[in-house]
Amino acid sequence: MSAPSLGELVEMAGAVWPILQNAITSGRLFRPQCHLTDPDPDILCEWDVRIPLADGTHVTANVFRSKSAAARGEKVPVVMCAHPYDNHLIPALGKTPLGGPPQQYRLIPQEDAPTFSTLTSWEAPDPNFWVRAGYAVVNMNMPGYANSGGRPTLFSASQTEAFGEAIDWVGTREWCTGKVGLSGVSYLAISQYAVAAGQTSRGVPSCLRAISPWEGISNLFQDMFREGGVAETGFPVFWWHTEVRPTINCSVEEFGASEGHLPQEVAEAHPFYDDYWRAKVPALEAIDLPMLICASFSDQGLHSRGSLRAFRKARSAQKWLYTHRRLKWDSYYSDEVLGLTRAFFDCFLKDDTENGFLDQAPVRLEIRSSRETIHEVREEQEWPIARTSYRRLYLASEELTEAAVPKESELIYDARTGQLRLRFAFTEDTELTGYMKLRLWVEARSDGTEPTPDDMILFAGVEKIDGHGQKVRFYGSVGNHADIMTRGLLAVSRRKLDRAQSTRWEPVLKNDQDEKLQAGQIVSVEIALNASSTFFAAGEGIELIVSPTEIVPSPPFRKDARTNRGVHVIYLGGRYDSHLLIPVVPATH
C-alpha cells in the first residue's frame, strides 16, 4: 500500500487532529484506558486459517480453542465475528503500538477502562472469556483486508456472501458442534444483519443459530453519512485513515475502483438515497434468528438509531434489546454484558433452555438522571414503550409551554452564529423515554448583505437542566463525556417525508430530491431527535436548542453546514404550531 499523499495528510489532519490532541493532552496516548490480561494457557491459537470461498479466493481467520477440549476430541459451538480491521492487530502478536492494546484505546476516550485479553482485536469477542465458557472464537478478516484474498469492499453483498460461506465452513469443522453465533461491536455488529437475513446465494447459513449485534448502523445513509440529509464530512475521513486504509491489501486507487468511492467521497457522490445506498441496507424484516441486540442512548449520530431500528423491524419471535447510556466498549466487555451474552448463547448454541435466559423480559431499559447516575434499570415488554404518552410543548417567545400559543410571532437568529434556547420545567417527577420530534415553521431570510438563502441546515437538541438551572451532561458518541440528552438535524431542502416509514413520533425523510426554498417561503419541517431515556425530579427540566451549527462539537464528527447564511426565522403561535413532541412514560406504581 502506498504512503499517504500530501492531500491525504491534510485531509487526515483535519479529522484526526482534534482526537489526537485530546489524546496527547490527557496522557491517554501513552496510558491507554483499558486493562490487558494474559491469555489463558489452555487456549490453542490457530493463526491465519484459510477459509476457501466459492469464487476461488479465500478469507483468513484466527481460531481460538481449548487445548484440553481438543485433546479430548470435544466439539464446541463457535462465537464468530468478521470485519476489515486486521485480526493481527492484537498485543499478543506484537502488532499494536508500543505492544499495548489496539490504537483506538489511545485515541478515543473511554468511560472507565474495559478489561480484555491480549488476544482481543478491536471491538471483537475476547477469546479468554469465551474459550473458558466452552466455546471456540473465530475472528475473520473480510475479503480484501489484511491477508484475506479477494477485493476489499465496505458493507457489500460480496462481504455478506463471503461471511455466510465462512460461517458454514467453520460450522462443519470436526471440532465444532455445527452451531455458530455472531458477536461484536460496530462494524462487527453491522456485518451480522445481512447474513442473518439470508442475503446470500444460499440463504441463511445452515450453521448460524443466533446473533448479538452490539451497536450497529442499519442504514448507512440515514444513520450517519447523510443524517437529516446533511453530509457528514468528519467521521468517514477519520475512519478511513485510522482503521480501513491501513488494512486494505491493495492501493488506494485500486480500492476506489473496486468500491466505487472512498468513504469520505460517498456523501457527495451519492447525495440522495439511491440504489448505491439501498444495496447496503440489510433486509431487517427477514431476520428470524434469535437476537440479543444492544442499542445505546449515547451513540447518537452513529449507531443508536440504527440499532433500535433493527430491533423494531426484525421479525424474530425471540429477540431481546439491551439499552444503556455508557460508552460502547466499557459496556461490551463488562461482567454484566458478558454474563448476559453467555446466557443467550448457552441457550441457543448449547440448548441450555433452563438457564433462565428465556425468562428475560424483551427489553432491558436503563434510565439515567445524569452521566454518573442511573435512576433505574427496568424490564419492559416492547420498544418503544406502548404506554408512552406523547405530549406537545409549544414554542413561545421565551419558553416552551404546554398550552398552544394563540398569537402568531417569529423568533430570529443569525444563520452563522446565532441560536435559539427555550426552557420548560417539570412540576412533578417525570420520565422521558423514547423518541422526540421537533416540528417547526421556518423561513430563510436575507440579512441584507447577501441574496436570500435557498436552504437551511438546522441543528436541534434537548438538554437536561437541573433544579438550579445548570446543564446536566451525559455520555455521547466516540468518547464524548459532555453530551446533551438528544439531538437531531435537518437540511430543510430535504424536508419531504417518507410517509410509509414515518410514525407520529419519528419522521423519516424521503431524501430523493432537493426542494430549495424561495424568498419569503415559509415551510413546515419535522426533525427526528434520537431516542433517549432520562428521569427528571420535580423542578428539573429541559432546554430546547435550535442552532445553525453543531450544538456540542463531537470530534471526529463534522457536519457540512456551509449553506447557512443570512438569518433563520422560526414562526410560532396561531396557525404555526411549532412544538416539541416529548415521550412521557407514566410510572407503573
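Since the model is a prediction, treat every value here as computed from it, not as a measurement.
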If you compare all heavy atoms of [X] against all heavy atoms of [Y], which two are closest, and at what distance to 0.1 Å?
{"X": "Tyr332", "Y": "Val337", "result": "O-CG1, 3.7 Å"}
{"X": "Ala15", "Y": "Phe238", "result": "CB-N, 3.9 Å"}
{"X": "His568", "Y": "Ile457", "result": "CE1-O, 3.7 Å"}
{"X": "Ala295", "Y": "Ser304", "result": "CB-O, 4.4 Å"}
{"X": "Ser502", "Y": "Val508", "result": "OG-N, 2.8 Å"}
{"X": "Glu540", "Y": "Gly467", "result": "CG-N, 3.6 Å"}

Pair [X] + [Y], salt bridge at N-O below 4.0 Å:
{"X": "Lys496", "Y": "Glu526", "result": "no"}
{"X": "Arg421", "Y": "Glu543", "result": "yes"}
{"X": "Glu227", "Y": "Arg487", "result": "no"}
{"X": "Arg312", "Y": "Glu382", "result": "no"}
{"X": "Glu232", "Y": "Lys559", "result": "yes"}
{"X": "Glu431", "Y": "Arg378", "result": "yes"}

**OP:** Give me the one residue out of Ile484, Thr486, Ile545 that meets side-chain contact (heavy atoms from CB on, under 4.5 Å) with Val462.
**Re:** Thr486
Original post:
Per the side-chain contact (heavy atoms from CB on, under 4.5 Å) rule, which among Thr401, Leu572, Leu400, Ile570 passes with Leu422?
Top reply: Leu400
Rounded to the nearest 0.5 Å, what separation is found between the [atom1] atom of [X] and the [atom2] atom of [Y]?
{"X": "Asp414", "Y": "Gln419", "atom1": "CG", "atom2": "CD", "result": "11.5 Å"}
{"X": "Leu365", "Y": "Ile385", "atom1": "CG", "atom2": "CD1", "result": "5.0 Å"}
{"X": "Leu490", "Y": "Met456", "atom1": "CG", "atom2": "CE", "result": "9.5 Å"}
{"X": "Leu489", "Y": "Thr549", "atom1": "CG", "atom2": "OG1", "result": "12.0 Å"}
{"X": "Ile19", "Y": "Leu29", "atom1": "CD1", "atom2": "CG", "result": "12.0 Å"}
{"X": "Leu497", "Y": "Leu509", "atom1": "CG", "atom2": "CG", "result": "6.5 Å"}

Original post:
Only one of Trp329, Tyr333, Trp122 clears ring pair (Phe, Tyr, Trp, His ring centres under 6.0 Å) with Tyr105; which?
Top reply: Trp122
Main chain of [Y], side chain of [X]: is a donor-acceptor contact present, judged purely on distance under 3.5 Å?
{"X": "Arg368", "Y": "His324", "value": "no"}
{"X": "Lys464", "Y": "Phe535", "value": "yes"}
{"X": "Gln300", "Y": "Met485", "value": "yes"}
{"X": "Thr430", "Y": "Glu428", "value": "yes"}
{"X": "Ser218", "Y": "Gly306", "value": "yes"}
{"X": "Thr388", "Y": "Val585", "value": "no"}
{"X": "Thr247", "Y": "Val244", "value": "yes"}
{"X": "Asp514", "Y": "Lys516", "value": "no"}
{"X": "Ser370", "Y": "Thr373", "value": "yes"}
{"X": "Ser26", "Y": "Asn22", "value": "yes"}

**OP:** Please test Phe297 against Phe474 for ring-ring contact (aromatic ring centres under 6.0 Å, His included), starting from the C-alpha separation and ending with a verdict.
**Re:** CA-CA 10 Å; Phe297 299 125; Phe474 298 88; over 10 Å; no
Tell me whether the count of non-hydrogen atoms from other residues, nucleotides or ligands lying under 6.0 Å of [atom1] in [X] goes above 12.
{"X": "Glu450", "atom1": "CD", "value": "yes"}
{"X": "Arg31", "atom1": "CZ", "value": "no"}
{"X": "Arg278", "atom1": "CZ", "value": "yes"}

Original post:
Would Ser533 and Thr433 count as having a side-chain donor-acceptor pair, cut-off 3.5 Å?
Top reply: yes
Would you say the rings of [Y] and [X] are close, in the sense that their centroids are separated by under 6.0 Å?
{"X": "Tyr394", "Y": "His579", "value": "yes"}
{"X": "Trp240", "Y": "Phe255", "value": "yes"}
{"X": "Trp441", "Y": "Tyr571", "value": "no"}

In terms of the angle between their ring planes, are [X] and [Y] parallel, tilted or perpendicular, with boundaries placed at 30° and 60°?
{"X": "Tyr390", "Y": "Trp505", "answer": "parallel"}
{"X": "Tyr85", "Y": "Trp239", "answer": "perpendicular"}
{"X": "Phe225", "Y": "Trp277", "answer": "tilted"}
{"X": "Tyr322", "Y": "Trp214", "answer": "tilted"}

Original post:
Among all residues two or more places apart in sequence or in another chain, which pass the side chain to side chain donor-acceptor pair (under 3.5 Å) test with Trp383?
Top reply: Tyr435
Subject >> Criterion side chain to side chain donor-acceptor pair (under 3.5 Å) on Asn511 and Arg494, from CA distance to verdict >> reply: CA-CA 6 Å; Asn511 266 311; Arg494 299 292 183 90; 2.7 Å; yes
Subject >> Worked verdict on Glu372 versus Arg473 for salt bridge (charged side-chain N to carboxylate O under 4.0 Å, His left out) >> reply: CA-CA 9 Å; Glu372 294 83 10; Arg473 293 309 190 198; over 6 Å; no
Original post:
Can you tell which of His303, Arg305, Arg309 makes a side-chain hydrogen bond (donor to acceptor under 3.5 Å, both in side chains) with Asp223?
Top reply: Arg309
**OP:** Check step by step if side chain to side chain donor-acceptor pair (under 3.5 Å) holds for Glu111 and Gln33.
**Re:** CA-CA 9 Å; Glu111 177 187 340; Gln33 289 179 275; over 6 Å; no
**OP:** Report yes if some heavy atom in the side chain of Ile248 is under 4.5 Å from a heavy atom in the side chain of Glu259; otherwise report no.
**Re:** no
Would you verify whether the NZ or CZ of [X] falls within 45 degrees of the ring axis of [Y] while also being under 6.0 Å from that six-membered ring's centre?
{"X": "Lys510", "Y": "Tyr273", "value": "no"}
{"X": "Lys280", "Y": "Tyr276", "value": "yes"}
{"X": "Arg325", "Y": "Tyr475", "value": "no"}

Subject >> Step-by-step side chain to side chain donor-acceptor pair (under 3.5 Å) determination, Asp455 to Thr563 >> reply: CA-CA 7 Å; Asp455 203 355; Thr563 189; 4.8 Å; no
**OP:** Take Ser334 and Ser331 through the test side chain to side chain donor-acceptor pair (under 3.5 Å) and record every step on the way to the result.
**Re:** CA-CA 5 Å; Ser334 69; Ser331 170; 5.0 Å; no
